[in-house]
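This report refers to the structure that appears directly beneath it.
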Amino acid sequence: MNTNTNMSKTIVVLTVLLALAASGHAKLNVVSTTADFGSIAQEIGGDLVHVIVLAKPTEDPHFVDAKPSYIAKIARADVLIEGGAELEMGWLPPLIDGARNSKIELGRPGRVLCAEGLALLEVPTTLDRSEGDIHAMGNPHFMTDPMNARHAAERICAALSIVDLDHSAAYRQNLDAFVKRLDGRLASWQKQMAPFQGKSVVAYHNSWPYFANRFGVKIDIFLEPKPGIPPTPAHLADVITHMKAEQIGVILVEPYQNRKTADKVSAQTDAVIVDFAQYPGGVKGSEAGYVELIDYLVNTLATALNRAQTSKE
Amino acid sequence: MKTALYRLLAAIVLMVPLISFAADEGTSTNMIDELRQLRLRTEALEQKVSETKLTAPAMTLGRAGSAYMNASFDVLFNAGWSSPADTKEIQPGCHDPSQRGFSIRNAELALDGAVDPYLKGFANIVFMTDFEEETQLELEEAYALSSCLPYGLQAKAGRFYAEFGRQNNQHPHTWAFVDQPLILNRMFGEDGLRQNGARLSWLVPTPNYTELTLGMFNGQGGDAFSFRYTGEADTNGIDRVYGHATTARNLDGLGDFLFVPRLASSFDLTDSQTLVLGASAALGPNDTGADTRSLIYGLDAFWKWKPLNAEAGWPFVTWQTEVLGRNFEAGEDSAAGLPAETLHDWGFYSQVQWGFIRRWVLGLRGEYVTGDKSASEDATAERPTEERISPNITWYPTEFSKLRFQYNHTWQENAQDGDAVWLQLEFMLGAHAAHKF
């Protein structure tokens with residue numbers, strides 16, 4: 001009996017030691033520029049990663065302040081996830097220079113460019129700033145298409161697996177679960193949007209071409225006369241004429257865009273203003289993650305389009 | 001039965017470490033080596049596989065314009081009027097509007113890019129028009145920045161603005177006002193503290209941002225105004241600084257270099273408020289004696305508020321203040337009847353910017369500079385007490401252009417008050433460098 005308890009004690013001690021050895025290294029530090037990549041990294045990394053998102057989900061991703069505290073965060077990162085399509089070019093480069101972290105240098109496995117391997121839309125043939133804020137590599141808001149999110153998830157998983165080889169199986173498993181969930185939802189999202197194929201919707205800024213392509217709606221009229229240029233009365237008058245002629249009943253506005261402008265247009269067209277966001281947490285009800293965000297977007301847009309349709313009839 | 005099973009399990013668990021202990025040392029090292037090699041091979045293979053899978057893209061990504069080098073050309077064009085006919089009396093800065101009418105005091109060609117995997121290169125070449133509208137050319141900055149040092153270290157070498165305070169190493173187009181603060185003119189001369197040299201910086205591994213830098217420079221000439229600078233010749237052809245005759249000192253040892261240490265730290269007070277604090281110093285010899293030295297010290301603070309749903313960066317409020325002091329040891333000048341003395345100067349500027357509605361920014365700056373009395377009348381006259389108040393308003397059509405209107409009222413000891421109004425147009429071509437905080 002006595003030897004037995006001793007032995008049990010030894011077992012307990014050994015098991016604890018083995019467990020400690022297995023979880024020997026701390027969580028992986030993952031820094032993401034925006035909340036879309038961040039939420040996906042969290043799903044794939046689970047308990048194995050500690051995710052820090054730099055831009056707040058309500059923040060204008062083109063104009064994030066390069067706060068010095070972000071330098072300290074990137075300095076400690078094992079993995080840095082960015083879009084890689086110049087959306088963050090106004091603030092990320094000085095942070096990376098300041099952080100002097102060789103793990104996240106371009107070309108290292110710790111640096112993830114989610115757009116790499118994607119065919120971006122609206123790649124300009126000439127670079128001309130008189131056309132407004134044009135991105136040389138194409139429209140950078142690619143994450144609004146769930147298929148592109150799937151691509152980003154694969155890239156994030158590949159990076160985590162290389163940087164933290166011991167847990168590559170776990171990352172792979174989480175990726176599979178995420179993709180399965182995404183694919184499952186995609187079918188039902190497309191079903192939800194099926195009645196509105198070819199319908200036109202107005203947006204404040206040209207953030208939604210990928211979303212429009214995937215779900216068969218048209219989002220090609222904007223309150224901004226040119227990307228990044230604030231709305232002018234003359235342009236808004238044109239937009240209102242268009243909306244009346246084509247019976248467009250929905251305006252998409254993101255958290256950082258000028259709501260008053262949308263209100264004015266709505267007052268003259270009876271259009272419904274829909275709160276849209278590119279990032280989980282940008283609007284109420286989208287906090288839980290990327291899939292929940294698209295859930296929210298599809299639900300609210302389908303509801304608004306439905307209402308616009310019935311009110312016109 | 002159950003106990004037997006437990007015993008068996010326990011035996012197995014215990015056996016594992018025992019087996020490895022039992023094996024002789026040579027074998028275990030071999031085994032570990034083999035395992036390590038296997039692991040390395042697996043990693044290499046995994047990476048290869050993932051790379052081949054991932055880099056068969058529909059497009060390849062470049063960075064910022066997909067070129068070896070980013071190039072931009074930024075012009076600051078001034079128009080305006082000052083109450084003194086010689087504008088320089090109240091606008092001493094090199095890049096300030098320099099005359100009544102029109103002036104271009106900063107047209108800047110900026111180049112930057114990765115040199116190789118180890119270095120980044122930066123160059124700023126500035127064109128200015130003088131009073132005769134002749135073009136002056138200046139190699140303002142040309143330096144390499146390391147991108148490969150371990151332990152949070154980073155080295156910079158070449159010609160560059162010393163990292164002292166907040167505004168000294170900012171380029172004129174990023175300033176909040178059309179001119180340089182008076183205190184920076186007093187301490188560093190008309191074009192800031194800018195030298196050939198090197199600096200090492202360490203990003204201190206604290207949870208917030210803390211950076212320690214140490215710059216080492218020649219510390220000579222007009223761009224190191226308070227240090228080894230012989231000054232301008234008087235009517236008798238004798239070079240003087242603050243009345244004291246100077247002789248050009250050579251570097252005689254390590255102590256003759258100009259050293260510029262700095263400590264900066266940032267604090268995110270809330271998600272929408274950040275405070276950056278810094279302390280700097282500049283120490284080195286000056287040319288008024290054989291062993292005379294100058295010490296400049298400064299504190300700086302920058303605070304910014306920007307809500308989390310700001311559109312294109314608006315609205316926002318920033319507050320920026322720098323306080324600087326100087327002890328300038330002037331050597332004995334027996335020919336002029338001047339004793340050895342230490343000249344004390346200090347001053348500050350404090351400025352607020354309010355981006356009240358998209359594209360529009362209101363600014364207000366207050367300044368104060370003073371110097372104590374000296375045995376030399378020249379030294380007292382050249383270091384008067386000055387105050388200046390400057391309201392301005394700026395309109396930014398995009399981040400590539402701006403239109404700024406500024407009014408200055410200057411009080412000067414022993415001189416008439418000065419007024420000036422300036423309209424400044426900025427336009428930038430090419431790759432816009434990202435904004436530092």
Side-chain angles (χ1 to χ4, degrees), chain A residues 4 7-8 10-11 14-15 18 56 58-60 62-63 65-72 75-76 84-86 89-94 97-100 102 105-106 109 113 115-120 123 127 129 132-133 136-138 154-155 158 161-162 165 168 228-230 255-258, chain B residues 3 6-7 9-10 13-14 17 39 42-43 46-47 50 53-66 120 145 147-150 152-154 203 205-211 264 266-268 271 274 276 304 306 308-313 358-359 398-400 432 434-437:
Chain A
N4 229 340
M7 199 174 248
S8 322
T10 324
I11 293 168
L14 276 171
T15 320
L18 281 171
K56 295 286 173 296
T58 54
E59 218 171 345
D60 187 340
H62 308 83
F63 295 93
D65 279 337
K67 292 182 190 175
S69 60
Y70 297 169
I71 292 175
R76 288 194 298 272
E86 296 190 349
M89 73 183 297
W91 50 280
L92 190 59
D97 281 351
R100 45 197 98 161
S102 59
E105 267 167 28
L106 270 184
L113 306 175
E116 204 160 23
L118 285 178
L120 295 187
V123 180
L127 293 175
R129 289 226 177 95
D133 191 9
M137 296 162 80
E154 282 164 3
R155 293 201 66 92
S161 304
I162 296 168
L165 198 61
S168 53
I229 305 294
Y256 53 86
Q257 293 165 346
N258 194 335
Chain B
T3 352
Y6 278 136
R7 277 185 183 162
L9 271 173
V13 169
L14 283 169
R39 193 195 150 113
T42 326
E43 278 179 43
E46 286 241 11
Q47 187 156 351
S50 67
K53 211 164 49 195
L54 297 171
T55 51
M59 57 156 219
T60 28
L61 291 190
R63 309 297 300 165
S66 318
K120 287 191 156 190
L145 192 67
S147 50
C148 59
L149 294 186
L153 296 173
Q154 189 183 61
L203 188 65
T206 50
N208 67 332
Y209 158 87
T210 303
E211 189 174 354
S266 94
F267 308 91
D268 288 341
D271 278 344
T274 298
V276 187
K304 180 168 185 176
K306 192 181 92 174
L308 291 180
N309 59 352
E311 184 189 17
R358 186 170 175 186
R359 289 178 151 180
T398 64
E399 64 263 45
F400 305 102
H432 188 289
H435 293 277
K436 286 183 182 157
F437 191 74

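Quick note on labels: first sequence line is chain A, next is B, and so on, each numbered from 1.
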Q: List the steps and the verdict of side-chain contact (heavy atoms from CB on, under 4.5 Å) for B/K120 and A/D97.
A: CA-CA 9 Å; B/K120 287 191 156 190; A/D97 281 351; 2.6 Å; yes
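Smallest separation of non-hydrogen atoms from A/R100 and B/L153: CD-O, 3.6 Å. The two atoms that bring B/L203 and A/G98 nearest to each other are CD2-O, 3.8 Å, heavy atoms only. For the residue pair A/E105 and B/S147, the shortest heavy atom distance occurs at OE2-O, 3.0 Å. Here the closest non-hydrogen pair linking A/A72 and B/P207 is CB-O, 3.8 Å. For B/F437 against A/P68, the heavy-atom pair with the smallest separation is CD2-CD, 3.5 Å. Of all heavy-atom pairs spanning A/Y256 and B/E311, the tightest one is O-CB, 2.9 Å.
Of the listed residues A/P255, A/G138, A/A66, the one with more heavy-atom pairs under 4.5 angstrom with chain B than any other is A/A66. Ranked by heavy-atom pairs under 4.5 Å with chain A, the list B/D271, B/L145, B/V276, B/T398 is led by B/D271. Listed options A/H62, A/E59, A/K56, A/R129 were ranked by heavy-atom pairs under 4.5 angstrom with chain B; first place goes to A/R129.
For A/S102, no part lies near chain B; criterion is any non-hydrogen pair under 4.5 Å. Looking at B/N208, the atoms closer than 4.5 Å to chain A (heavy atoms on both sides) all sit in the backbone: N, CA, C or O. Contact of A/K67 with chain B is made through backbone and side chain together, with heavy-atom distances under 4.5 Å. For a residue to count as touching a neighbouring chain, one of its non-hydrogen atoms must lie under 4.5 Å from one of that chain's; by this rule B/T206 touches chain A with the backbone only. Both the backbone and the side chain of B/A312 come within contact range of chain A, with heavy atoms under 4.5 Å apart. Proximity to chain A (any heavy atom under 4.5 Å) is shown, for B/F267, by neither the backbone nor the side chain.
Within 6.0 Å of NZ in B/K436 there are 12 or fewer heavy atoms belonging to other residues, nucleotides or ligands.
For the atom pair A/I71 CD1 and B/T210 OG1, the distance stands at 11.0 Å (nearest 0.5 Å).
A 4.5 Å side-chain heavy-atom check between B/T274 and A/D65 finds every atom pair outside the cut-off.
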